[in-house]
Amino acid sequence: MKPVYGLIDANSFYCSCERVFQPRLRLLPVVVLSNNDGCAIARTTEAKALGIKMGDPWHLIRKRPELAAVEWFSSNYALYGDMSRRMYQVLAERVPRVEPYSIDEMFLDLTGLPGDLTERCRSLRDDVRRIAKIPTCIGWGPTKTIAKLANGIAKDNPDLGGVCDLTDPAIRDSYYAALPVGEVWGIGSKSATKLEKAGYRTIQDFIDAPVPEVRGLLTVVGERTQAELRGVSCLPFVDAPADRKSIACTRSFGRPITAWHEMREAIATYATRAAEKLRQQGLQAGHIAVFLHTNPHAKGEPWHSGQKAAQIEPTNDTMVLITQAVRMLKPVWRDGYRYAKAGVMLSNLEPAVERPKQLFFSLSDSQSKLLMPAMDAINARYGRNTISPLAIGIARPWSARSRRLSRQFTTKLEDVLAAQAW
DNA sequence: TCTGGGGTCCTAGGACCC
DNA sequence: TCTGGGGTCCTAGGACCC
């Protein structure tokens with residue numbers, strides 16, 4: 001049976017999440033900003049129409065007079081993550097196999113489903129809208145790459161009613177001839193430029209290019225994309241998420257850090273957060289890396305960046321990871337610079353199982369086995385950092401800005417909307 | 001004048017994605 | 001004053017080994 005891959009993707013997902021609980025935002029231009037209120041990372045149609053681009057630095061563009069009425073929000077990941085879960089729920093109850101791809105996108109296995117696919121996808125879309133309150137588009141075809149393309153076409157052509165079927169090769173060809181190769185999933189700006197220089201401008205040009213040449217320009221990755229566009233499925237449906245390979249916590253600061261004790265706090269904070277993520281996923285890390293750097297955009301300001309990494313005895317203990325991270329940080333820190341960002345990255349991940357290791361173990365090993373779960377339980381119940389190592393500081397004046405954060409409408413009891421009827 | 005071949009593992013860097 | 005964060009995969013090159 002020929003496979004049919006579908007891709008459902010939320011429209012302006014973060015903005016749509018904000019609109020669910022603030023109906024006044026309907027029809028208004030809305031943007032959601034990245035961490036630290038830095039860049040625009042989600043825009044509604046109305047905001048796009050005003051010329052706001054993905055990744056535009058907000059502090060630079062907000063001064064434009066025509067943007068005065070734009071509603072903007074800091075990222076509220078607790079809300080978006082929960083809305084994503086609801087979206088998944090609706091789909092999982094209606095489609096045999098759903099593969100989450102990102103926070104706002106899911107692949108659907110539509111192979112062999114009875115009835116008219118267009119009707120089915122329309123009603124899926126309606127259900128997500130009605131139950132999870134999120135507007136979406138759905139595209140489908142014989143490969144994941146084609147499904148992605150179909151989804152993009154549905155987004156760009158409102159007259160299609162939010163769905164696009166690229167099963168028919170003749171219909172595909174008409175789009176292939178008209179669309180630039182950079183529209184394809186997996187062809188980024190660098191690859192698009194390479195292809196254009198070699199004379200391949202449209203998707204059709206790319207498909208017709210000799211395979212060895214594609215391989216030479218874009219390696220096996222490009223070769224695979226080309227095959228997928230030809231209708232040969234190379235990217236299978238994945239039922240279970242693959243094992244994580246790395247976990248990171250990196251942040252820009254709300255203001256530059258110039259003092260060692262603040263940088264130490266920041267790294268300890270990131271190590272703490274990374275360790276929490278490790279334990280949530282039942283993993284431990286055998287490799288840790290830290291980095292810091294000054295502001296790459298500040299012309300004329302002295303630049304410094306540093307990084308250091310090391311293998312460690314596999315652990316997911318917050319205290320151990322803080323100690324290691326700070327130890328790694330010391331040699332890369334230099335006085336006299338204005339640091340803008342730092343981070344902690346953990347890799348060589350493995351399941352956190354009991355295993356015989358060092359010949360000499362300390363008492364703290366067995367203590368932390370009790371302490372970490374207790375800390376996690378308390379913080380899960382009463383909120384992040386209800387209890388935390390003192391190393392992460394108390395006030396954290398360097399932490400990221402988040403000046404217009406909406407409420408945690410769905411995940412925090414105090415933030416739930418109240419309705420009154422009488 | 002002459003200086004092997006083949007394999008593995010690790011890391012850094014680049015490109016991509018959302 | 002203020003320009004994100006978190007992932008994946010691939011390749012090239014070096015170290016090392018026999």
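Chain letters run A, B, ... following the sequence lines, proteins first, then strands; residues in each count from 1. What you see is a predicted model; the values in this text were computed from it and never measured.
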> Who is the Watson-Crick or G-U wobble partner of dA12(B), with both distances under 3.5 Å?
Replying inline: dT11(C)
>> For dA15(B) and T219(A) - does any side-chain N or O of the residue sit under 4.0 Å from the phosphate oxygens OP1/OP2?
In response: no
>> Checking contacts here: which listed nucleotide (dC2(C), dG4(C), dT3(C)) is nearest the side-chain heavy atoms of R403(A)?
In response: dC2(C)
> Okay, side chain of T294(A), backbone of H304(A): is any donor-acceptor separation there less than 3.5 Å?
Replying inline: yes
> For D104(A), which contact category applies under a 4.0 Å heavy-atom criterion: base, sugar-phosphate, or nothing?
Replying inline: sugar-phosphate
>> Could you check whether E301(A) pairs with R338(A) (Lys NZ or Arg NE/NH1/NH2 to Asp/Glu carboxylate O, under 4.0 Å)?
In response: yes
>> Whether D82(A) and R86(A) form a salt bridge (side-chain N of Lys/Arg under 4.0 Å from carboxylate O of Asp/Glu) is what I want to check.
In response: yes
> Phosphate oxygens OP1/OP2 of dT3(C): is one of them under 4.0 Å from a side-chain N or O of K341(A)?
Replying inline: no
> From the list dC10(C), dC2(C), dC17(B), which nucleotide is the closest neighbour of the side chain of V220(A)?
Replying inline: dC10(C)
> Can you check the L349(A) CG to dT8(C) C1' distance for me, whole Å?
Replying inline: 13 Å
>> Between C1' on dG4(C) and CH2 on W72(A), what's the gap in Å once rounded to a whole number?
In response: 15 Å
>> Between P on dC18(B) and CD1 on I103(A), what's the gap in Å once rounded to a whole number?
In response: 14 Å
>> For a quick test of reading the model: is some side-chain N or O of R251(A) closer than 4.0 Å to OP1 or OP2 of dG6(C)?
In response: yes
> Does a side-chain N-to-carboxylate-O contact under 4.0 Å join R130(A) and D127(A)?
Replying inline: yes
>> One thing to verify: whether E46(A) and R19(A) come together as a salt bridge, which I'm taking to mean a side-chain N less than 4.0 angstrom from a carboxylate O.
In response: yes
> Would you say R224(A) reaches dC10(C)'s phosphate, i.e. side-chain N/O to OP1/OP2 under 4.0 Å?
Replying inline: yes
>> Distance check needed: dA12(B) C1' versus K308(A) NZ, whole Å only.
In response: 16 Å
>> Using a heavy-atom cut-off of 4.0 Å across all strands, would you classify R401(A) as base, sugar-phosphate, or nothing?
In response: sugar-phosphate
>> Is there a side-chain contact between K245(A) and the phosphate of dG6(C), meaning an N or O under 4.0 Å from OP1 or OP2?
In response: no
> Relative to the 5' end of DNA chain C, which residue comes earlier, R244(A) or V221(A), by the nucleotide with the nearest heavy atom?
Replying inline: R244(A)
> From dG5(C), dC2(C), dC18(B), pick the nucleotide closest to the side chain of S102(A)?
Replying inline: dC18(B)
>> If the threshold is 4.0 Å, N to carboxylate O, is there a salt bridge linking K148(A) and E105(A)?
In response: yes
>> At less than 4.0 Å, is any side-chain N or O atom of Q311(A) found next to OP1 or OP2 of dT11(B)? Yes or no.
In response: yes
> Between residues 180-190 of chain A and DNA chain B, which residues have a heavy-atom gap below 4.0 Å?
Replying inline: V184(A), W185(A), G186(A), I187(A), G188(A), S189(A), K190(A)
> Given that A248(A) and R215(A) both sit by DNA chain C, which one's nearest nucleotide is further toward the 5' end?
Replying inline: A248(A)
> Whole-Å distance between dT1(C) C1' and Y339(A) OH?
Replying inline: 20 Å
> Given dC2(C), dC18(B), dG7(C), which nucleotide is nearest the side-chain atoms of K63(A)?
Replying inline: dC2(C)
> Taking OP1 and OP2 of dG6(C), is either one under 4.0 Å from a side-chain nitrogen or oxygen of S246(A)?
Replying inline: no
> So what does L33(A) touch, heavy atoms closer than 4.0 Å: a base, only the sugar-phosphate, or nothing?
Replying inline: nothing
> What residue among V70(A), N36(A), I41(A) forms side-chain contact (heavy atoms from CB on, under 4.5 Å) with W58(A)?
Replying inline: V70(A)
> Parallel under 30°, tilted from 30 to 60°, perpendicular over 60°: which one fits the rings of F107(A) and W185(A)?
Replying inline: tilted
> Roughly, in whole Å, what's the span from CG in N36(A) to C1' in dG6(C)?
Replying inline: 16 Å
> Are E18(A) and S406(A) close enough that a side-chain donor and a side-chain acceptor fall under 3.5 Å?
Replying inline: yes
>> Looking at dG4(C), I'd like to know if its phosphate oxygens (OP1 or OP2) sit under 4.0 Å from a side-chain N or O belonging to S75(A).
In response: no
>> Measure CE/M106(A) against P/dC18(B) and give the value in whole Å, please.
In response: 14 Å
>> Regarding Y101(A), tell me which of base, sugar-phosphate or nothing describes its non-hydrogen contacts under 4.0 Å with the strands shown.
In response: sugar-phosphate
> Is there a Watson-Crick or G-U wobble partner for dC18(C) with both distances under 3.5 Å, and if so, which one is it?
Replying inline: dG5(B)
> Starting at CD1 of I8(A) and ending at P of dC18(B), how long is that distance when rounded to a whole Å?
Replying inline: 16 Å
